[in-house]
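Contents: one structure, followed by commentary.
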Number of protein chains: 2
Amino acid sequence: MAQAQILSRNQQIVLDIIEKAKGPLKAYSILFNVQKKGINAPQQIYRALDKLIEMGKIHKIESKNAFVACRSSDCEISKATAFSICESCEMVDEISDTKLSKYLSSFNHKKGMKFKRFNLEFFGLCKKCK
Amino acid sequence: MAQAQILSRNQQIVLDIIEKAKGPLKAYSILFNVQKKGINAPQQIYRALDKLIEMGKIHKIESKNAFVACRSSDCEISKATAFSICESCEMVDEISDTKLSKYLSSFNHKKGMKFKRFNLEFFGLCKKCK
DNA sequence: ATAATAAATGTTATATTATAACACTGTGTT
DNA sequence: AACACAGTGTTATAATATAACATTTATTAT
């Protein structure tokens, strides 16, 4: 069993903000939110974000340049991510569907590529906005 | 049957560069490549890119902020995109796999979201780099 | 305990990616 | 002609991300 990760000060501050948020947060919006805690520069945010991603605590939504907390049961290093994104309200929801994950993890590209990781982003209208 | 799209001058210039390229191109690298043709400003590139994406002529690789020509048989508006990306040589390959596409297009999110479009990016090592 | 190593921090500067805003041009209506 | 519309050119600026370097803190080995 993997040992619980110990986070550094800045990593914890950044993770707290992202976990409290209702939706994806952008790096600079995180920065503005933590300036009262003594974090002043983008670098500090991006470094924390990088580590948190490595740890699988958060994910980056590539199409939005924004970051969300990982909600899947165990937060190991994430090799398989999928999200549904509402194009109206911008809501992002992590999809944890075992079948989907298995299907994609075992997907074999004709050209003989061996995959380590994938990221899938679905776009549409959520239940509310529909 | 959809009529062949007529491209504007700038759209054609940008598409030509992207089609000639071996891999994904970034907006500013396109810009530097077309300055001899009288295109001077990022806006002109981004406007062309936006239209070309709308037309399905090119795709954006979100994780790289780069653009590739669509290689799939018919270049209609693209609602279902998938790519394999080599983490070593940065090669990007469009995956056109009917089964995969059908599987994902019919994927139904529990939370009742209706999808219009998806983008999938696989990461790993290509045959050469393996 | 201490030296050595690795990880994280703080800071300034700068690179890269992308959009806003406005004036203008060409083309096709009606 | 008057109008609408898509595309263009241009200047300025916003938003996202990294480089580089000095310092501090934590971890490990001896």
Side-chain angles (χ1 to χ4, degrees), chain A residues 3-18 21 23-68 77 85 87 90 92 119 121, chain B residues 3-18 21 23-68 77 85 87 90 92 119 121:
Chain A
Q3 201 201 321
Q5 292 269 10
I6 290 160
L7 300 180
S8 76
R9 193 188 102 94
N10 289 0
Q11 288 158 14
Q12 191 64 62
I13 290 172
V14 170
L15 180 58
D16 285 348
I17 298 264
I18 296 176
L25 290 184
K26 305 203 147 216
Y28 277 74
S29 115
I30 296 170
L31 176 57
F32 298 140
N33 272 285
V34 298
Q35 286 188 323
K36 49 199 165 201
K37 303 211 173 174
I39 297 183
N40 306 301
Q43 265 292 11
Q44 298 173 284
I45 302 298
Y46 282 104
R47 284 199 287 231
L49 290 171
D50 286 348
K51 291 296 176 184
L52 292 168
I53 288 170
E54 261 181 50
M55 293 175 197
K57 298 280 184 194
I58 64 170
H59 305 299
K60 180 172 187 180
I61 310 300
E62 296 286 358
S63 61
K64 298 170 81 73
N65 299 315
F67 304 85
V68 292
I77 293 163
I85 301 168
E87 286 178 313
E90 308 258 288
V92 170
N119 179 58
E121 299 180 8
Chain B
Q3 202 202 320
Q5 292 270 8
I6 291 161
L7 301 181
S8 77
R9 193 187 102 94
N10 289 0
Q11 287 159 14
Q12 191 64 61
I13 291 171
V14 170
L15 180 59
D16 285 348
I17 297 263
I18 297 176
L25 290 184
K26 304 204 147 216
Y28 276 76
S29 115
I30 296 169
L31 176 57
F32 298 141
N33 272 284
V34 298
Q35 288 188 322
K36 50 198 164 202
K37 303 212 172 171
I39 297 184
N40 306 300
Q43 265 292 11
Q44 298 172 284
I45 303 299
Y46 282 105
R47 283 196 289 228
L49 290 171
D50 286 348
K51 291 296 176 184
L52 291 169
I53 288 171
E54 261 182 50
M55 295 174 197
K57 298 279 185 195
I58 64 170
H59 305 298
K60 180 173 187 181
I61 310 299
E62 295 287 357
S63 60
K64 300 170 80 74
N65 298 315
F67 304 85
V68 291
I77 293 164
I85 301 168
E87 287 176 315
E90 309 257 290
V92 170
N119 179 58
E121 299 181 8

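Residue numbers start from 1 in every chain, and the chains themselves are labelled A, B, ... in the order their sequence lines are given, proteins ahead of strands.
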Less than 4.0 angstrom between a side-chain N/O of [X] and OP1 or OP2 of [N], yes or no?
X       : N      : answer
B:Asn65 : C:dT16 : no
A:Lys26 : D:dA15 : no
B:Ser8  : D:dA6  : no
B:Gln44 : D:dT8  : no

Figure out the [atom1]/[atom2] separation between [X] and [N], and round it to whole Å.
X       : N      : atom1 : atom2 : value
B:Asn40 : D:dT10 : CG    : P     : 5 Å
A:Arg9  : D:dA26 : CZ    : C1'   : 16 Å
B:Ile6  : C:dG28 : CD1   : P     : 10 Å
A:Asn10 : D:dT25 : CG    : P     : 13 Å
A:Phe67 : D:dT16 : CZ    : P     : 10 Å
B:Lys60 : C:dT19 : NZ    : P     : 7 Å
A:Tyr46 : C:dT12 : OH    : C1'   : 17 Å
A:Phe32 : D:dA14 : CZ    : P     : 11 Å

Separation of B:Ile30 CD1 from B:Asp16 CG (nearest 0.5 Å):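 Separation between the atoms: 11.5 Å.
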Hey, are the side chains of [X] and [Y] touching, using non-hydrogen atoms and a 4.5 Å cut-off?
X       : Y       : result
A:Leu7  : A:Val14 : no
B:Lys26 : B:Leu31 : no
A:Met55 : A:Gln11 : yes

Presence of donor-acceptor pair under 3.5 Å, side chain of A:Gln43 and base of D:dA19: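 Present.
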Under-4.0 Å salt bridge between B:Lys64 and B:Glu121: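 The answer is no: the pair does not qualify as a salt bridge.
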Stacking check B:Tyr28 vs C:dT17 (5.5 Å / 30 deg):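 So B:Tyr28 counts as stacking on the base.
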Closest nucleotide among C:dT11, C:dA18, D:dT10 to the A:Ala41 side chain: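 So the side chain of A:Ala41 is nearest to C:dT11.
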